[in-house]
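Right, one structure below, let's go through it.
In what follows, chains carry the letters A, B, and so on, assigned in the order in which the sequence lines appear, proteins first and then strands, with residues in each chain numbered from 1.
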There are 2 protein chains.
Amino acid sequence: MADSATSASRPAGAPPTIRDVAEMAGVATSTVSRALSNPGRVNRVTRERIEEAAAALNYVPSSQARGLSSGRTNAIAVLVPDVTNPFYFDIIRGTQNQLKAAGYTQLLVDTEESAEMEADTLRKMQRTADGFILAASRLTDAQLADAASSQAIVAINRSSANAPAVVIDTPGAVVQALEHLSSLGHSKICFVGGPASSWSNATRWKTFEEASQERGLTTFRVGPFAPKTTSGAAAADAAARTGATACIVFNDLIAIGMLQRLRERGIRVPEDMSIVGCDDIFGADFCNPPLTTISSPIEQAGRVAVSMLLAQLDPLQAASTRRLAVMPTHLTVRASTGPVA
Amino acid sequence: MADSATSASRPAGAPPTIRDVAEMAGVATSTVSRALSNPGRVNRVTRERIEEAAAALNYVPSSQARGLSSGRTNAIAVLVPDVTNPFYFDIIRGTQNQLKAAGYTQLLVDTEESAEMEADTLRKMQRTADGFILAASRLTDAQLADAASSQAIVAINRSSANAPAVVIDTPGAVVQALEHLSSLGHSKICFVGGPASSWSNATRWKTFEEASQERGLTTFRVGPFAPKTTSGAAAADAAARTGATACIVFNDLIAIGMLQRLRERGIRVPEDMSIVGCDDIFGADFCNPPLTTISSPIEQAGRVAVSMLLAQLDPLQAASTRRLAVMPTHLTVRASTGPVA
DNA sequence: CAACTTTTGGCAATCGCTTGCCGCCCGGTT
DNA sequence: AACCGGGCGGCAAGCGATTGCCAAAAGTTG
């Protein structure tokens, strides 16, 4: 009863390796490897034997080792400027879902709104991740081009000829918002700006300005403000003194902050001032008053970004890959906008 | 001018390896390895030469390869039941910060409130991560013990003798909340329960019940409800028909949902019904009315969890490591609670 | 100055897996 | 009967680091 002693090698504590499986199944490690990751390459009965052995040993291949020899890591890094911001939460949720479905691991990195940190992460993780999703990248066009040339990248809300991107068509809805306000009788409208380095901010402003002009509206602009509710106070004060009767705000975070400040100051929303946010983040529907805002399929954007990235990684599809996906948006009217007094 | 041709080997596109650095610095790869990760072991001038070469080549060690030979991955997996939930957002933020500071990568996994998925992830990633942070683990005591015995683990809000944990002392503040309500004249109080499998839910209810009894209050209990705002409607309806004049709600998400529903039904908060939430998540301060809630240092809990985990990983400290950290909480009174009518 | 210690750097084995290449076995052709 | 090609497995060479062990060099000591 002692002649199956061959496998006495594995030190009890350590997880089983491919060799243990091979030994148990009576084949070479290469066969195990193939059976597990390239099933067609191996005879069915052999494969089944191997699968049984693997199951019996509770074998889990080491992603490290696999990565070392294959060159792939099966991990995607998602870089966001600020994990704190609900907008990115939704993106993270989207990428997380899709990545998991595809068997990838998500590496989450907070770049703290810093282009430098972003570039640095991109460099440091070049070997750690198979690809990168850059949410609201702060990189310059040149940096982006540079990065995209050496690794798989998809940007979200940062369009550039140099890298595949998915952009949320907030500008499209800015026009809608403007019309909404205009139809309520507003003619003096203020744009409350977000971070200066933000591409979205720039495009939103641009659209806002052009569309306003076409419609003969008077525009003001205040900012930039950091995308946090706490910036709302300053933003509200600045907007109020422009004399505008309505604001389109860079994002819901700032807008929600403004709502509070305006209430404190006795400026009624929407009677004295209408407010339109952007993004429709968590909270926009239950703040006081509920916020009229530009609803964005943020989570979906995250998912699409993952799909594009994965396609880019797949040699079969790499060529035919879309370079740009535009996500539709729409205006959601709630209680923070109303007719001009 | 042609005798430094030795290094012609590296195929332009590929990132430099330790060998390229060694070659350029004129030393063996082992020396490079040591210079970079164990500076004291190498002569200063040699080290500097190596550092220069590394910088010149823009060398980044492959974490894969490093992991393979050293056994460490420098990554920590953070498992949360639901990335969507703002509560976990704060945890993620906390862990993210602290991990980055310590030079670790964060692997974020959404276990979808499933114990099975959690156990599975733990198994699959045993080699991928050096340790795990389990936020609000759904695992049974046995599973948890099992997992903790074979890998480094810290649980958040899931205490058990079997694994190190950081728990947020919400129960402590539940008593405070009860006193607050009692002092406002409430005597019929309803506990709105969260997920049945949640340890926090169990402890909150237990404390609630005991403390109520001591104070001679009449208690009701409704639930379980999923921790989402959308559960609020059902929760509100259920709570309303108990006849209670105040609720302590499992978490802010449900509480915020209730707020909306109660308003729709014309039940005024706090005049007809007082509401106390738990967690003080993003949004609790700007919902309508602003929510009285039990404020928790969530982000800090995440940070502490990381510290404990890292200490556990460090052979020097492993022994002296704390097994339990309790984070203090306090009641934040806003506008959703008031005197009984 | 011999005998010892330290320092410092190199050699080579490993880590666990993938993959190119080779060879064996078999049934089918000519 | 000799030949062929496909299917299936094994061999062994890496992938890019780390690390135990060893030896040369440098520094100490009595």
Side-chain angles (χ1 to χ4, degrees), chain A residues 7 9-11 13-51 53-54 57-74 124-128 130 315, chain B residues 9-11 13-51 53-54 57-75 124-128 130 315:
Chain A
S7 58
S9 50
R10 185 159 57 89
T17 76
I18 200 174
R19 211 146 63 209
D20 300 313
V21 178
E23 209 161 274
M24 178 174 238
V27 297
T29 61
S30 46
T31 307
V32 175
S33 173
R34 284 193 278 257
L36 265 30
S37 51
N38 192 355
R41 183 64 175 70
V42 126
N43 186 297
R44 197 168 55 82
V45 315
T46 314
R47 172 158 47 83
E48 278 166 4
R49 192 150 38 92
I50 291 175
E51 278 164 356
L57 291 170
N58 204 345
Y59 169 69
V60 182
S62 150
S63 50
Q64 306 254 30
R66 190 203 294 275
L68 224 208
S69 49
S70 71
R72 275 164 296 98
T73 64
N74 260 269
K124 293 226 177 94
M125 298 189 99
Q126 51 179 328
R127 298 271 247 326
T128 311
D130 291 342
Chain B
S9 48
R10 184 159 57 89
T17 75
I18 201 173
R19 212 144 63 206
D20 300 311
V21 178
E23 211 162 274
M24 177 175 240
V27 298
T29 61
S30 47
T31 308
V32 175
S33 172
R34 285 193 276 255
L36 265 29
S37 51
N38 191 355
R41 184 64 175 65
V42 125
N43 187 298
R44 196 167 55 82
V45 313
T46 312
R47 171 157 48 84
E48 277 165 7
R49 191 148 39 89
I50 291 174
E51 279 164 356
L57 291 170
N58 204 345
Y59 168 69
V60 183
S62 150
S63 50
Q64 306 255 30
R66 191 205 291 275
L68 224 208
S69 48
S70 71
R72 274 165 296 100
T73 64
N74 258 271
K124 292 226 176 93
M125 298 189 97
Q126 51 180 329
R127 298 273 246 327
T128 310
D130 291 342

From CG of B:Asn38 over to P of D:dG20, roughly how many Å is that when rounded to an integer?
10 Å
Nearest whole angstrom, please: distance from the P of D:dA13 to the CG of A:Leu68.
18 Å
Under 4.0 Å: is that the gap between some side-chain N or O of B:Asn43 and OP1 or OP2 of C:dT7?
no
In this structure, how many angstroms lie between the C1' atom of C:dG16 and the CG atom of A:Asp20, rounded?
11 Å
OP1 or OP2 of C:dG9 less than 4.0 angstrom from a side-chain nitrogen or oxygen of B:Arg49, does that happen here?
no
Can you tell me if A:Asp130 uses its side chain to pair, donor with acceptor, with the backbone of A:Arg72 under 3.5 Å?
no
If you look at every strand shown and take non-hydrogen atoms under 4.0 Å, does A:Ala28 touch a base, only sugar-phosphate, or nothing?
sugar-phosphate
Residues, nucleotides or ligands: over 12 heavy atoms within 6.0 Å of B:Arg49 CZ
yes
I would like to know whether B:Gln64 and A:Thr128 meet side chain to side chain contact (heavy atoms under 4.5 Å, CB included); could you show each step before the answer?
CA-CA 7 Å; B:Gln64 306 255 30; A:Thr128 311; over 6 Å; no
Assuming nearest nucleotide by heavy-atom distance, tell me which of B:Ser69 and B:Gly40 is located more 5' along DNA chain C.
B:Gly40
Are the side chain of A:Thr46 and the backbone N or O of A:Val42 linked by a donor-acceptor pair below 3.5 Å?
no
Closest-nucleotide mapping onto DNA chain D: is B:Gln64 or B:Arg34 further toward the 5' terminus? I mean the 5' end.
B:Gln64
Of the options D:dC11, C:dC17, D:dT19, whose atoms approach the side-chain atoms of B:Ser30 most closely?
D:dT19
Side-chain donor/acceptor of B:Arg19 to base of D:dG16, under 3.5 Å:
no
Between B:Thr46 and B:Ser70, the residue closer to the 5' end of DNA chain C by nearest nucleotide is B:Thr46
Out of C:dG10, D:dG10, C:dT19, which nucleotide sits closest to the side chain of A:Arg41?
D:dG10
Approximate separation, where rounding is to 0.5 Å, of A:Arg66 CZ and A:Thr73 OG1
11.5 Å
Return no unless some side-chain N or O of A:Ser33 is found under 4.0 Å from OP1 or OP2 of C:dT18.
yes
Between D:dG10 (C1') and A:Ile50 (CD1): distance, integer Å:
12 Å
No-H, no-angle donor-acceptor pair, A:Thr29 side chain to C:dC17 base, under 3.5 Å:
no
Derivation and outcome, side chain to side chain contact (heavy atoms under 4.5 Å, CB included), residues A:Asn74 and A:Ser63:
CA-CA 8 Å; A:Asn74 260 269; A:Ser63 50; over 6 Å; no
Nucleotide nearest B:Ser62 (side chain, heavy atoms from C-beta), chosen from D:dA17, C:dG10, D:dG10
D:dA17
Assess whether one donor atom and one acceptor atom, taken from the side chain of B:Arg66 and the base of D:dG16, lie less than 3.5 Å apart.
no
Select base, sugar-phosphate, or nothing to describe what A:Arg72 touches, counting heavy atoms under 4.0 Å on all strands.
sugar-phosphate
Looking at C:dC17, C:dG10, D:dA17, which one has an atom nearest to any side-chain atom of B:Val27?
C:dG10
Return the 5'-most residue of the pair A:Gly26, A:Arg127 with respect to DNA chain D, ranking by each residue's nearest nucleotide.
A:Gly26
A:Arg44 near the nucleic acid: base, sugar-phosphate alone, or nothing, with a heavy-atom cut-off under 4.0 Å?
nothing
